[in-house]
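The structure appears right after this line, and notes come after that.
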Amino acid sequence: MTDQGNNNQNISQNPFAALFSSLADAKQFASGQKQCRQAEQQCKVLVINSGESQSESDNSVSDSIDDNDDSVAEISRSFRSRQELCEQLNVNHMIQRIFLITLDNSDPSLRGSNGIPPRCVYLEEVAADLDGQDWLNMDTIEQALFSRLLLQEPGNHLIYMTSCSVVNLSADRDAGEKRAIPYLYACYCRAKEEITKVPEKLLSYAVHCKNFTVSNARTVLLTPEIYISQNVYEQLLDLLLEAVRGAQFEEVVEFLDEVIASLLADQEVRTFGEVMVPVFDIFQGRVKDLDLCQLLLYSYLEILLYFSRQKDISKVLMEHIQPKDPNSGIQYQKTLLGAILNISCLLKTPGVVENHGFFLNPSRSSPQEMKVQESNIHQFMGQFHDKLYQILKNLLQQSSETRHLLLSWLGGCLQANMGRAKIWANQMPEIFFQMFASDAFFLNLGAALLKLCQPFSRPYSPKLLTFNPTYCLLKELSEEEQRNRNVHARGLDKETCLIPVPPQQTVEFAQSYSLLTENLILTQLTLYLGFHRLHDQMVKMNQSLHRLQGTWRDTQLSGGAAAAELREQFERLMTIYLSTKAATTQLAMLQNCLNLQASCATLLVQLSLGNQGSEHIPLIFPLPALENSLLCFVPEFFAENIGDFFIFLRRFADEVLESSAESLEHVLTFITVFMGNVDRMKNPHLRAKLAEVLEAVMPHMETLSPGAVQPIMFQRQRVFSTYRHAPQLAEALITVFVDIEFTGDPHQFEQKFNYRRPMYAILKYMWGEESYRESIKRLADYASENLEAMNPPLFLRFLNLLMNDAIFLLDEAIQYLSKIKILQLERDRGEWDSLAPDARREKESSLQMFGQLGRFHNIMSNETIGTLAFLTSGKRRERNQIPLTMDQIRPNEELRQQIMKWLADHKQSNQQMGPSG
């Protein structure tokens, strides 16, 4: 083989030949290098010869050097051009590796495989426009990349870049990616990788390529109509979604941050807001149909968290969620944030259980299966509420602008949905669901706001005392005033407060209100509009289930279509009930609410003491007179929420009460201060409700069915028996029992029995505790010593009312029993058989109604006489669970004589009443 052949073979086997576009270029470069080396050697030889021939003339040497200088200069120029060629080849290969595009369609076997991607998209039109140029550089990359993005099917233009023909699916997928945004992001990542690898002289080119990906992403988002058959906004959302599911979320965020900065710098074609709004719309459309327990939902929530953290996106987001009609409550639910808040295990369409994903066919499921399902729901709810809380927190902390926009949204939402609390709203569900946001919306919003309140939801937190209730009396403010004074809730001046504002009291409004004040008011109002209604629904559903179950069992004996229909009704209602119970009993949410309500109870007690300082003051009886009290600015729904929540716990989450002993003590203090004090809480209905709250938090030992586990009451018994203000609590209970006789309500006579029902159980428990019993005895002693006083003593009025109630209730019970007997006789004689269907249904309805009323009056009379009995007999008597029969009823005069005899004996001997039985 000749030397030339050997050289050609050596060059083709040299790995550095791959740096050249073809083998011919490599040979030409090698030849040039050889010439350079020969020239350098020649120069060396000339220099040596000139050193050895010093005797020759200077002119002769000078001529020789000049000739050689011309030759070296020519070789040097050739050398520099080869260096530039090599650099250009490196740049070409780097562009190919980053963008996976090429202008070289030559035989792959002539290229080698070093530094070249396996597959590239061949840009034939660009190569033709450049007159056959087969390399890419910084001058042509912009045109080439734009052409690549315009290709509808880049996969059809893939070519092999190396001689290796092994199938490489990942290389095909990467090079043939036809979605513009994911393609540019991948190019961005490859450019970042090149920056860390290339030598310093190529670094600027790599940075330039990275910037090209950002500028082209900006162009794609600003002019999406150019890119046919592509939804670039959907691609952007998909890119974030894939990043959240994978491990490259931070890299995507870095890419988007640079794109956002580029978009903000150039808003002539489209504003940044106009770019983001389609992304938000797509996001909302995808999220609104997701279920609480779908993992995909939490990936989208991570994206929303990123939106809330990014300062520019968060501002656009807050502007985007402002409703079209701010006075329409349902419009807030139709926003992006509203769609998120509407996700729950509650029924999406009220009353329609067919497509509901939770608690279907409950009668066919075991209690354990339903418990597991409820536990799963609670676990997902915990994650869901955490995400909502973080989103709201980010928006509040992002900037003063996003805080103002979010608080304005919350304030407007609550004002537009104030009708949820109206009585008519619950009676007209069809109109209700067309006008107001859903129960799920308010439940989730309340849970998120409760978490925001936790930093100050401690009973003795000094932050609580910075609360300024004068906020609630401010009327409509301009947007500028709302921003400057931090007042965003509206319409609170129309709410009834705990006590009226005295005529002589002046209102001193703050120039600016704290976020604590606003957050606390917004949270309590949200709970009042949301949680309160769900609690009421659960009570009604519970009652309906008991009625349906009884009717169903009765009809099962006869069978037929009626029994099947009743069973279906029972199943549907049970599904709704179990879903509602699961939604409202998530443990973390209940604990957060408990912390807040106990703290608010302490706050209201401090306000009732006139404390306007920065430190909590101790409670001492008798209470000081009210002077310039802030209670006249506190809406009643603060106290309503406290009471409603603890009653809910007693009914549906009793175990939470047992684990919250410290909080219960603060609730007892709140009840003691307000229940019997008309100067601090004017509404008698609200004070009577506090008696029901007291019954809810006190220990209760109920008769359970065989095999049922008795609930643990240790902590509640300890709190109740060691309560420091036991005498005042007992007196407050008797006071409200007397005060409720006259409420000024048209239905006060009928209402008082419902209000007094829980008081009997409380009195019975108190009578068994020495500290409470002794306080009642002291009231009795005072009454026995002042029988003839102008103003009858409290205990004397209490006993008189007890006796009057007993007489009335027994008389009413007898009358209802008589009516029931008459209707039963008519039915048994067959007189109903000849009646028209409507008339017969009316008779059956009357019989059922009289039965319920008779049962109520019978039980209440039993309670009343039982209370009289243990107060007058000298020993406690256990309550008779069987309704009284006619032979057990004492004559009314005998009751009066027993009371008067007991008081007289007490006055004469002042003996202590007997111990509890």
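By convention here, the first residue in the shown sequence is residue 1. As the structure is a prediction and not an experimental result, all values here were calculated from the model.
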- prompt: Can Lys777 and Glu774 be counted as an ion pair, charged N to O under 4.0 angstrom?
  reply: yes
message: Keeping Arg840 on the side-chain end and Leu835 on the backbone end, is there a donor-acceptor pair under 3.5 Å?
response: no
statement: When rounded to the nearest 0.5 Å, the distance separating CD of Glu826 from CD of Glu831 is 5.0 Å
- prompt: When you look at CG of Asp828, are more than 12 heavy atoms from neighbouring residues, nucleotides or ligands closer to it than 6.0 Å?
  reply: yes
field: Minimum heavy-atom distance Ile642-Gln597, with the two atoms named
entry: CG1-OE1, 3.4 Å
task: Could you check if a side-chain atom of Phe798 sits within less than 4.5 angstrom of a side-chain atom of Ile776, using non-hydrogen atoms only?
output: no
- request: Decide side-chain contact (heavy atoms from CB on, under 4.5 Å) for Glu636 and Lys682; before the verdict, give the C-alpha distance in whole Å, the side-chain angles of both, and the deciding distance to 0.1 Å.
  value: CA-CA 10 Å; Glu636 283 186 347; Lys682 183 180 180 182; 6.0 Å; no
message: Do Asn595 and Gln591 pair up side chain to side chain, a donor and an acceptor below 3.5 Å, judged on atom types alone?
response: yes
statement: The reported gap from CG in Leu609 to CG in Leu631 (rounded to nearest 0.5 angstrom) is 9.0 Å
task: Evaluate the side-chain hydrogen bond (donor to acceptor under 3.5 Å, both in side chains) criterion for residues Arg651 and His535: first the C-alpha distance (whole Å), next the side-chain angles of each, then the deciding distance (0.1 Å), finally the verdict.
output: CA-CA 10 Å; Arg651 289 169 172 165; His535 181 192; 3.0 Å; yes
statement: The reported gap from CG in Asp805 to CD in Glu812 (rounded to nearest 0.5 angstrom) is 12.0 Å
query: Which residue, Leu619, Leu664, Leu729, forms the side-chain contact (heavy atoms from CB on, under 4.5 Å) with Thr669?
result: Leu619
field: Main-chain N/O of Met698 paired with Arg716 side-chain donor or acceptor, under 3.5 Å
entry: no
query: If we ignore angles and hydrogens, is there a donor and acceptor under 3.5 Å between the side chains of Glu662 and Gln715?
result: no
task: Give a yes/no verdict on a cation-pi contact between Arg756 and Phe737, requiring under 6.0 Å between NZ or CZ and the six-membered ring centre and an angle within 45° of the axis.
output: yes
Minimal non-hydrogen separation, Leu594 against Ser660, with atom names: CD2-OG, 2.7 Å
- prompt: Do Tyr765 and Glu695 have side-chain heavy atoms sitting under 4.5 Å apart?
  reply: no
task: Show your reasoning for whether side-chain contact (heavy atoms from CB on, under 4.5 Å) applies to Ser544 and Arg547.
output: CA-CA 5 Å; Ser544 299; Arg547 286 195 299 269; 3.3 Å; yes
message: Within the 4.5 Å heavy-atom criterion, are Leu498 and Phe633 side-chain neighbours or not?
response: no
task: Determine whether the side chains of Tyr723 and Ser771 contain a donor N or O and an acceptor N or O closer than 3.5 Å.
output: no
- prompt: Is there a donor-acceptor pair under 3.5 Å between the side chain of Arg687 and the backbone N or O of Met681?
  reply: yes
- request: Tell me whether the centres of the aromatic rings in Phe442 and Phe531 are closer together than 6.0 Å.
  value: no
- prompt: Do Ser629 side-chain atoms and Leu626 backbone N/O form a donor-acceptor pair below 3.5 Å?
  reply: no
- request: Write down the atom of Ala691, the atom of Pro758, and the distance for their closest heavy-atom approach.
  value: O-CB, 4.4 Å
- request: Could you list the residues that satisfy ring-ring contact (aromatic ring centres under 6.0 Å, His included) with His666, not counting sequence neighbours?
  value: Tyr460
message: Looking at every heavy atom in both Pro469 and Val634, which two are closest together, and how far apart are they?
response: CB-CG2, 3.8 Å
message: Salt bridge or not between Arg650 and Glu655? Use side-chain N to carboxylate O under 4.0 Å.
response: no
task: Please report the closest heavy-atom contact between Leu796 and Ala783, naming both atoms and the distance.
output: N-CB, 3.9 Å
task: Check whether any side-chain heavy atom of Thr864 sits under 4.5 Å from a side-chain heavy atom of Ser861, and report yes or no.
output: no
Which residues share a side chain to side chain contact (heavy atoms under 4.5 Å, CB included) with Met370, sequence neighbours left out: Phe359, Pro362, Ser365, Leu578
query: Could you go step by step and tell me if His725 and Gln728 meet the side-chain contact (heavy atoms from CB on, under 4.5 Å) rule?
result: CA-CA 5 Å; His725 306 295; Gln728 290 77 20; 3.6 Å; yes
- request: Just do the side-chain hydrogen bond (donor to acceptor under 3.5 Å, both in side chains) check on Gln824 and Arg827 with the steps written out, would you?
  value: CA-CA 5 Å; Gln824 286 177 337; Arg827 184 185 61 185; 5.7 Å; no
- request: Could you check if a side-chain atom of Phe621 sits within less than 4.5 angstrom of a side-chain atom of Leu623, using non-hydrogen atoms only?
  value: yes
Stepwise side-chain contact (heavy atoms from CB on, under 4.5 Å) test for Asn542 and Phe652: CA-CA 11 Å; Asn542 208 6; Phe652 304 107; 4.2 Å; yes
query: Roughly how far, to the nearest 0.5 Å, is CD1 of Ile647 from CD of Glu692?
result: 3.5 Å
Charged N-O contact under 4.0 Å between Arg533 and Asp536: no
query: Would you say the side-chain atoms of Asn786 pair up with the backbone N or O of Tyr782, donor to acceptor, closer than 3.5 Å?
result: yes
message: Let me confirm one number: the CG-CE distance from Asp739 to Met675, rounded to the nearest 0.5 Å.
response: 10.5 Å
field: Salt bridge Glu741-Arg797, side-chain N to carboxylate O under 4.0 Å
entry: no
query: Judged by atom type as modelled, is there a donor-acceptor pair below 3.5 Å linking the side chain of Asn641 to the main-chain atoms of Phe637?
result: yes
message: Show the nearest heavy-atom pair for residues Leu668 and Phe720, with the distance to one decimal.
response: CD2-CE1, 4.1 Å
task: Under the ring-ring contact (aromatic ring centres under 6.0 Å, His included) rule, collect the residues that match up with Phe646, sequence neighbours excluded.
output: none
Results of ring-ring contact (aromatic ring centres under 6.0 Å, His included) for Phe638 - residues two or more places apart only: Phe467
query: CG/Leu763 to CD1/Ile734 distance, rounded to the nearest 0.5 angstrom?
result: 6.0 Å
task: Indicate yes or no: at least one non-hydrogen side-chain atom of Gln524 is less than 4.5 angstrom from one of Cys600.
output: yes
field: salt_bridge(Glu731, Arg778) N-O dist < 4.0 Å
entry: no
Could you pull out every donor-acceptor pair under 3.5 Å between side chains of residues 845-852 and any protein atom, sequence neighbours left out?
unit_1: Ser846; atom_1: OG; unit_2: Glu842; atom_2: O; d: 2.9

message: Are the side chains of Lys689 and Asp644 in contact, using a 4.5 Å heavy-atom criterion?
response: yes
- prompt: Which residues satisfy the ring-ring contact (aromatic ring centres under 6.0 Å, His included) test with Phe432, sequence neighbours excluded?
  reply: Phe436
field: Non-hydrogen side-chain atoms of Thr735 and Asn677 separated by less than 4.5 Å
entry: no
task: Indicate yes or no: does Glu769 engage Arg773 in a salt bridge with an N to O separation below 4.0 Å.
output: no
